[in-house]
Amino acid sequence: MALIIDDQQINFKLLKRKFERYGFDVVATTDPSEGMKLARKHIPDIILLDVKMPKIDGFRLARMIREDESTKDCLIMFVTARLSKEAKLEAFRVGGNDYVTKSVDLDEVTARATALCRTSKLIKSYNIML
């Protein structure tokens, strides 16, 4: 399952459609607070997260996801227009697993997400501690 949190409807609609074609069940929202509720409810394999959003930015939301016992192990892929090195480093500091800049190649994003999920499942299946 994938959870998409992006305040721009056009972005999450494009991602949602592409991820569904790749076989993911998808839940999406434009509201970061609702995104956290959905993450707790569905415990997605991967969360696609924008950085620049109203009220709660993606970095803060990622911290919340990592601090919550039920969602701490969800993969987080930032999908954002922020190109700076500082933004990329912050994304990984707050617990991001990948960082992709907009405008995205939808095939690349879904392929990267699929690879992340596959690796995560292998690690969990072998109880590998990193």
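Residues take their numbers from the sequence shown, with the count starting at 1. Quick caveat: nothing in here was measured; it's all calculated off a predicted structure.
Formation of a donor-acceptor pair under 3.5 Å by the Arg66 side chain with backbone atoms of Gly95 is found in this model. With hydrogens and angles disregarded, no donor-acceptor distance shorter than 3.5 Å links the side chain of Asp57 to the backbone of Val51.
Under the ring-ring contact (aromatic ring centres under 6.0 Å, His included) criterion, the residue pairs touching residues 14-38 are Phe19-Phe24, with sequence neighbours excluded. Sorted by first and then second residue, the salt bridge (Lys or Arg N to Asp or Glu O under 4.0 Å) pairs with a member in residues 99-116 read Asp6-Lys102, Lys18-Asp107, Asp50-Lys102, Asp98-Arg112, Glu108-Arg112; sequence neighbours excluded. Sorted by first and then second residue, the pairs that involve residues 27-42 and meet salt bridge (Lys or Arg N to Asp or Glu O under 4.0 Å), not counting sequence neighbours, are Arg40-Asp68.
Annotation: the span from Leu38 atom CG to Met1 atom CE amounts to 9.0 Å, rounded to 0.5 Å. Rounding to the nearest 0.5 angstrom, the gap separating the CG atom in Leu15 from the CD1 atom in Ile10 is 10.0 Å. Note that CD of Gln9 and OG1 of Thr30 are 6.0 Å apart. Values are rounded to the nearest 0.5 Å.
Ile5 and Phe92 fall within the same hydrophobic cluster, defined by Ile, Leu, Val, Met, Phe, Trp and Tyr side-chain heavy atoms under 4.5 Å apart, directly or through other members.
The shortest distance between side-chain heavy atoms of Pro54 and Asp7 falls below 4.5 Å.
When every heavy atom of Ser84 is checked against every heavy atom of Ala87, the shortest pair comes out as OG-N, 3.0 Å. When all heavy atoms of Arg82 and Tyr99 are compared, the closest pair comes out as O-OH, 2.6 Å. The minimum heavy-atom distance between Pro44 and Cys74, with the atom names listed, is O-SG, 3.2 Å.
When the side chain to side chain donor-acceptor pair (under 3.5 Å) test is applied to Glu69, the partners found at least two apart in sequence or on another chain are Lys72. Partners of Ala62 according to the side chain to side chain contact (heavy atoms under 4.5 Å, CB included) rule, which considers only residues two or more places apart in sequence or in another chain, are Leu49, Ile76, Phe78, Val94. Partners of Leu75 according to the side chain to side chain contact (heavy atoms under 4.5 Å, CB included) rule, which considers only residues two or more places apart in sequence or in another chain, are Ile46, Asn97, Leu116, Cys117, Ser120. Arg93 meets the salt bridge (Lys or Arg N to Asp or Glu O under 4.0 Å) test with Glu90; sequence neighbours excluded. Listed by chain and residue number, Pro32, Ser33, Arg60, Leu61, Met64 satisfy the side chain to side chain contact (heavy atoms under 4.5 Å, CB included) test with Ile56 (two or more places apart in sequence, or in another chain). Applying the side chain to side chain contact (heavy atoms under 4.5 Å, CB included) rule to Ala28 yields the partners Ile4, Phe12, Lys16; only residues at least two apart in sequence or on another chain are considered.
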Show your reasoning for whether side-chain contact (heavy atoms from CB on, under 4.5 Å) applies to Thr71 and Ile47.
CA-CA 10 Å; Thr71 58; Ile47 300 170; 5.5 Å; no

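Other residues sharing the hydrophobic cluster of Ile43, ordered by chain and number and joined by side-chain separations under 4.5 Å: none, the residue standing alone.
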